[in-house]
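Reading through the structure tokens given below for one structure.
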Amino acid sequence: TLLASSAASDVYKEGGKDKLDASLNGTEGYVQFEYIKDELPDLFAAADLIISRAGANAICEISALAKPNILIPLSANASRGDQILNARSFERQGYSKVLEEESVNAQTLQSAIREVYENRQTYINAMKKSSHTDSIGRILSLIQDANANSNYRNPISLALSAKCWQSHFFVQVIFTRRFPMVIPIS
């Protein structure tokens with residue numbers, strides 16, 4: 001199976017279409033993918049440390065799983081700057097170590113890996129204390145508060161969908177002025 005390796009250190013790397021390094025094929029403890037899809041939940045669950053960009057989806061998954069991590073956001077030259085803002089926010093909250101793309105080299109990466117791994121419980125504790133762990137409940141509460149304080153005569157209907165790959169469920173939340181309903185969708 002994918003995670004059956006017994007190497008002391010396993011690295012799973014996503015490279016992108018046509019970006020695999022053939023010279024690394026067969027390297028013990030190293031597996032590369034063009035794209036990681038179905039394997040992602042297992043890889044995240046097995047990871048002791050995650051090195052990632054700082055896109056919204058990535059940081060939400062990392063936070064939900066409370067995995068120690070190093071974020072390397074896309075530079076302002078290569079993006080809108082949102083990844084830099086995401087990464088710095090996670091760093092300020094104690095969730096992540098951030099390395100600027102321009103300053104990453106073998107030495108800075110090794111140092112960051114060592115630091116994060118040695119202090120992994122501190123990162124895990126910070127993420128577990130986060131108020132973001134119940135996002136659906138928080139969104140519902142905000143909607144209920146806004147709806148209760150509105151002056152509309154007709155009920156306001158909103159539909160929210162949330163996908164959670166960790167437990168493979170979908171939830172649709174339908175809210176009207178009269179009552180909320182949470183409907184699991186398989």
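Please read these numbers as outputs of a predicted model, since none were measured by experiment.
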Interatomic distance, [X] atom [atom1] to [Y] atom [atom2] [nearest 0.5 angstrom]:
X    : Y    : atom1 : atom2 : value
S63  : Y123 : OG    : OH    : 14.5 Å
M127 : T122 : CE    : OG1   : 10.5 Å
I113 : I70  : CD1   : CD1   : 5.0 Å
E91  : N69  : CD    : CG    : 10.5 Å
R120 : L49  : CZ    : CG    : 9.5 Å

- request: Kindly check if the number of other-residue, nucleotide or ligand heavy atoms within 6.0 Å of CG (N105) is above 12?
  value: yes
Atom CD of E102: over 12 foreign heavy atoms under 6.0 Å: yes
Is there a chain of hydrophobic side chains (I, L, V, M, F, W, Y, each step under 4.5 Å between heavy atoms) that links [X] to [Y]?
X   : Y    : value
L74 : I62  : no
I36 : L65  : yes
I59 : I72  : yes
L20 : L43  : no
I51 : Y117 : yes

Can you give me the closest heavy-atom contact between [X] and [Y], atom names plus distance?
X   : Y    : result
V98 : A87  : CG2-O, 3.3 Å
G94 : A126 : O-CB, 3.5 Å
L71 : S96  : CD1-OG, 3.4 Å
S79 : S75  : OG-O, 3.0 Å

message: If you apply the rule salt bridge (Lys or Arg N to Asp or Glu O under 4.0 Å), what do you find for R53 with E101, and how did you get there?
response: CA-CA 9 Å; R53 292 294 190 181; E101 184 174 40; 2.8 Å; yes
message: For a side-chain contact (heavy atoms from CB on, under 4.5 Å) check, start with the C-alpha distance between Y30 and D21, then their side-chain angles and the critical distance, and finish with the verdict.
response: CA-CA 11 Å; Y30 184 87; D21 186 343; 5.8 Å; no
With distance as the sole test, does [X] use its side chain to make a donor-acceptor pair with the main-chain N or O of [Y] at under 3.5 Å?
X    : Y    : answer
E34  : D18  : yes
Y35  : K17  : yes
K67  : A45  : yes
S103 : T108 : no

query: Which residue, N25, V11, T27, forms the side chain to side chain contact (heavy atoms under 4.5 Å, CB included) with Q32?
result: N25
query: Only one of D42, V31, I50 clears side chain to side chain contact (heavy atoms under 4.5 Å, CB included) with Y12; which?
result: V31
message: In the structure I gave you, are the side-chain heavy atoms of P73 and N86 within less than 4.5 Å of one another anywhere?
response: no
query: Is there a side-chain contact between I124 and P68 (heavy atoms, below 4.5 Å)?
result: yes
- prompt: Only one of K128, K129, Q121 forms a side chain to side chain donor-acceptor pair (under 3.5 Å) with N125, so which one is it?
  reply: Q121
message: Any donor-acceptor pair under 3.5 Å linking the side-chain atoms of N57 with those of E61?
response: no
- request: Go through the side-chain N and O atoms of Q93 and S89 and say whether any donor and acceptor fall under 3.5 Å apart.
  value: yes
